[in-house]
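The structure appears below as structure tokens.
Throughout, a chain's letter reflects where its sequence line sits, starting with A, and its residues are numbered from 1. Computed from heavy atoms alone, side chains included, the values below leave out hydrogens, waters and symmetry copies. Quick caveat, the model's predicted, so the values are computed rather than measured.
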Amino acid sequence: MSANETKKNFITDIIDEHAESGRFDGNVHTRFPPEPNGYLHIGHAKSICLNFGIAEQYGGLCNLRFDDTNPAKEEQEYIDAITEDLRWLGYDWDDRLYFASDYFDQLYEMAIELIQIGKAYVDELSQDEIREYRGTLTKPGVKSPYRDRPVEENLALFEKMRAGAFKEGEAVLRAKIDMTSGNINMRDPVMYRILDAPHPRTGAKWKIYPMYDFAHGQSDSIEGITHSICTLEYEDHRPLYDWYLDNIEIYHPQQIEFARLELSHTVLSKRKLIRLVQENHVSGWDDPRMPTIAGLRRRGYSPEAIRQFCDDIGVGKVKGVVAFHKLEYHIRQHLNKTADRVMAVLNPLKVVIENYPDDLVEELEAINNPEDESAGRRKVPFSKVLYIERDDFMEDPPRKFFRLAPGREVRLRYAYFITCTDVIKDDEGEILELRCTYDPTTRGGAAPDGRRVKATLHWVSARHALKAEARLYDSLFTVEDPEADSQKDFTDFINPDSLRVLDPVFVEPSVRHAKSGDRFQFERLAYFAVDPGSTPDKLVFNRTVALRDQWSKARKKGGGQARKKKGGNR
RNA sequence: AGCGAGGUAGCUCAAUUGGCAGAGCAGGUGCCUUUGGAGCACAAGGUUAAAGGUUCGAGUCCUUUCCUCGCUGCCA
């Protein structure tokens, strides 16, 4: 990220202090440590941008490390997906791809060390008993009867655990710290538990697996991490992080906690995201309505926009909810500069230009991107029968409706001025088509006599238009915080109109060869991206985000000025 | 209740570490426009949770109070 090299926050303050005091010799080495038990989402993106960004800012390095200490939940599919998403976001870790499971042997040796110095013991209390003995927030815990076993016995028992002589739940290895601590994490936390599940990487080699707390700090230490940046809920774990490192007596990184991202109108917990997938509220982890990186990618979001967003929201220790429209702001910002414009009609209304020659086809020049001269120009075919957007015509227009109406003249973008002369309806009064005349002297869209029109409409030539499918995505939830109501399940707030499929829609022929992931602006409507399931025979466009639309805003504010059915295309 | 963290504009963050509280976004008003897009200009927005104290001077330091969040997995 070049734009904000000098961006400051409380983390850079800490790093600067370290640089001054000489701790870490001025080095900065971070890591991004996902657990491979789900897909990356926009909340992870914040952590990713932070960890990789800070390393870059200080000329340091950032590792990718999978925190794979719980084989019961983790899968290779997630490892692959996470790696792909990270690459797509534009980050690179060279050869520094690590797994906590790479350190299982070393971790095991460290555990033995702690046993040997009398700071760890094998506990055979049941899970329920351990919970009881732990006490509560206000009541101190009490010591396990197994707490003071001799070192030799602990060593032998731990070896038995490793060898598979115990079944799941029959024994754990615990650190001997302080059962009366106000911080419950320090009340003899479990270091190792027995798990029967095969591990995606170590297979059946291990029967015991280290807990997060026993693995994370030491993994950081082994990799020479300087600043171990994590989210706020680990604040209470820092004393334990420090305790393990101090008692094992190895190199000691600094853990720093920041507030995780909360986004309005969506959920960002893996537990809930996985439910959306499993209960088929969405089509999968990459459903364009999902806040996952894969979902955002399919929706048409760009890595640049996501990174800009993360940069914009900054980092702090205060929990807050970022409005979804902030994400939308950044994708509009990026796409405005980079997406080619194209004309497409989502909700067609037929227009016949009565004074235009029957068989004439003109190739009119159109600008691909007014924000980027280098994007060049293209030709768009014009003929006698066209489609315009149904919303662009009103038979009885309210005061501030500038678009087409009977007797009114408007411009067809890059083409001609047309005037509506007649409205053809069926028996029910439904408008079937419009009859218009055009002014041949306005070719290209400018009038030689200098007269002006108030609106410019997009259009496609009926004969030349491509039929395509458009998927209009809206927010997945109808409320800002789907988790706020404790009486209801978050799925109760799923937006029933979060996806509307329009098929067919009509798109100008220049997009014929569009490939998966290509992004366009359908002029005056929205940004769209080509879906991966799209084929040359059947193009499928996902709406990324609508253009800002002051007409619909004014319409809402004006309170019924325009008596229109809701749910146009925009 | 115990431990920990935090409270600056509607939202997200700044404030050169004690020196005139500022940005972006949102909202507002204009201008411009061959996208009612984009862009530009301007205005508005604050008792820095509250009270007290130290100081020439406090968002920043001290005390007290209030409020919010996290923690009682053999998850991470």
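Neither side chain, A/S181 nor A/N183, offers a donor N or O lying under 3.5 Å from an acceptor on the other.
Comparing the P positions of B/rA23 and B/rU16 gives an interatomic distance of 16 Å, to the nearest angstrom. Between B/rA58 and B/rG19, the distance separating the two C1' atoms is 10 Å to the nearest Å. Rounded to whole Å, the separation between the C1' atoms of B/rA15 and B/rG27 comes to 24 Å. With both ends at atom C1', the span from B/rG45 to B/rG36 equals 27 Å, rounded to whole Å. Remark: the separation of the P atoms in B/rU47 and B/rG10 is 8 Å, to the nearest Å.
When ring centroids are compared, A/F541 and A/F522 come within the 6.0 Å threshold. Ring to ring, A/Y387 and A/F506 are close: their centroids are under 6.0 angstrom apart. Aromatic pair A/F10/A/F258: ring centres not closer than 6.0 Å. The ring of A/Y244 has its center closer than 6.0 angstrom to the ring center of A/F214.
A/D13 comes within 4.0 angstrom of a nucleotide base, judged by non-hydrogen atoms across all strands. Counting any heavy atom pair closer than 4.0 Å across all strands shown, A/Y209 reaches no nucleic acid atom. Contact annotation for A/A446: base contact, defined as any heavy-atom pair under 4.0 Å involving a base atom. Residue-level contact check: A/Y414 touches the bases, meaning some heavy atom is under 4.0 Å from a base atom. At a threshold of 4.0 angstrom between heavy atoms, the contacts of A/N336 include nucleobase atoms, whether or not backbone atoms are also involved. When heavy atoms are screened at a 4.0 angstrom cut-off, A/V321 is found touching the sugar-phosphate backbone but no base atom. If you check every strand for non-hydrogen atoms under 4.0 Å, A/L232 touches nothing. Residue A/S126 is in base contact, counting any heavy-atom pair closer than 4.0 Å across all strands shown. Looking at heavy-atom distances under 4.0 Å, A/L364 makes no contact with the nucleic acid at all. The residue A/E257 sits apart from the nucleic acid: no heavy atom pair falls under 4.0 Å.
Looking at the side chain of A/E235, the nearest of the listed nucleotides B/rG4, B/rG36, B/rC74 is B/rG4. Among the nucleotides B/rG27, B/rA76, B/rU35, the one closest to the side chain of A/R548 is B/rG27. Distances from the side chain of A/K319 to the nucleotides B/rA5, B/rC69, B/rG36 place B/rC69 closest. Taking the side chain of A/T69 as heavy atoms from C-beta on, and the options B/rA14, B/rA76, B/rC74, the nearest nucleotide is B/rA76. Of the listed nucleotides (B/rG37, B/rG6, B/rU12), B/rG6 has the atom at the smallest distance from the side chain of A/V318. Each of B/rG36, B/rA38, B/rU35 was ranked by its minimum atom distance to the side chain of A/E371; first place goes to B/rA38. Here the nucleotide nearest the side chain of A/F401, chosen from B/rU17, B/rU72, B/rG36, is B/rG36. Set against B/rG36, B/rC75, B/rG37, the side chain of A/D549 has B/rG36 as its closest nucleotide. Candidate nucleotides B/rG24, B/rA76, B/rU72 were compared by shortest atom distance to the side chain of A/I184, and B/rU72 ranks first. Which of B/rG37, B/rG6, B/rG39 sits closest to the side chain of A/P370 comes down to B/rG37.
Glycosidic conformation at B/rU63 (O4'-C1'-N9-C4 for purines, O4'-C1'-N1-C2 for pyrimidines): anti, more than 90° from 0. In textbook terms, a nucleotide whose glycosidic angle is within 90° of 0 is syn, while B/rG53, being further out, is anti.
Look at CD1 on A/I42: it is 16 Å from P on B/rU12, rounded to the nearest Å. Atom pair A/E35:CD and B/rA76:P shows a separation of 6 Å (rounding to whole Å applied). At whole-Å resolution of the value, NE2 in A/H334 and P in B/rA38 are 17 Å apart. Atom pair A/K326:NZ and B/rG10:P shows a separation of 14 Å (rounding to whole Å applied). The NE2 atom of A/H237 sits 9 Å away from the C1' atom of B/rG70 (whole-angstrom rounding). Note: CG (A/D392) to C1' (B/rG37) measures 13 Å, nearest angstrom. If you measure from atom CG of A/L457 to atom C1' of B/rG37, you get 14 Å, rounded to the nearest angstrom. Whole-Å rounding puts the A/L240 CG to B/rC3 C1' distance at 14 Å.
Regarding contacts with the backbone of B/rG37, every side-chain N or O of A/R332 stays at 4.0 angstrom or more from both OP1 and OP2. For B/rA76, one of the phosphate oxygens OP1 or OP2 lies less than 4.0 angstrom from a side-chain nitrogen or oxygen of A/R193. Neither OP1 nor OP2 of B/rG2 sits under 4.0 Å from any side-chain N or O of A/T136. Between B/rC25 and A/Y329, a contact under 4.0 Å exists linking OP1 or OP2 to a side-chain N or O. Dashed line: the shortest gap from a side-chain N or O of A/R134 to OP1 or OP2 of B/rC74 is under 4.0 Å.
Scanning all heavy atoms of the two residues, the minimum distance from A/E124 to A/Y146 falls at N-CD1, 3.6 Å.
Residues A/H325 and A/S181 both approach RNA chain B. Their nearest nucleotides, taken by heavy-atom distance, put A/S181 toward the 5′ side. Each of A/T138 and A/P34 lies near RNA chain B, and the nucleotide nearest A/T138 is the one positioned closer to the 5' end.
One can find a donor-acceptor pair under 3.5 Å joining the base of B/rG70 and the side-chain atoms of A/D236. With hydrogens and angles ignored, no donor-acceptor pair under 3.5 angstrom links the side chain of A/R187 to the base of B/rU72.
A distance of 7.5 Å separates CE in A/M179 from CZ in A/R134, rounded to the nearest 0.5 Å. The distance from the CG atom of A/L50 to the SG atom of A/C310 is 8.5 Å, given to the nearest 0.5 Å.
Within 6.0 Å of CZ on A/R260 lie no more than 12 heavy atoms contributed by other residues, nucleotides or ligands.
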Extract all donor-acceptor atom pairs below 3.5 Å that involve side chains of residues 41-49 of chain A and protein atoms in other chains or at least two apart in sequence.
residue, atom, partner, partner atom, Å
A/H41, ND1, A/G43, N, 2.9
A/H41, NE2, A/L268, O, 2.9
A/H44, ND1, A/H41, N, 2.9
A/K46, NZ, A/A259, O, 2.7
A/S47, OG, A/N51, ND2, 3.3

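Taking the six-membered ring where the residue is Trp, A/Y438 and A/Y416 present perpendicular rings, their angle passing 60° and hence far from 30°. Ring geometry, A/Y212 versus A/H237: the interplanar angle exceeds 60°, so the pair is classed perpendicular (tilted spans 30 to 60°).
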Secondary-structure string, 5' to 3', Watson-Crick or G-U under 3.5 Å, | for another-strand partners, for RNA chain B
.((((((..((((.....[..))))..((((.......))))......(((((..]....))))))))))).....
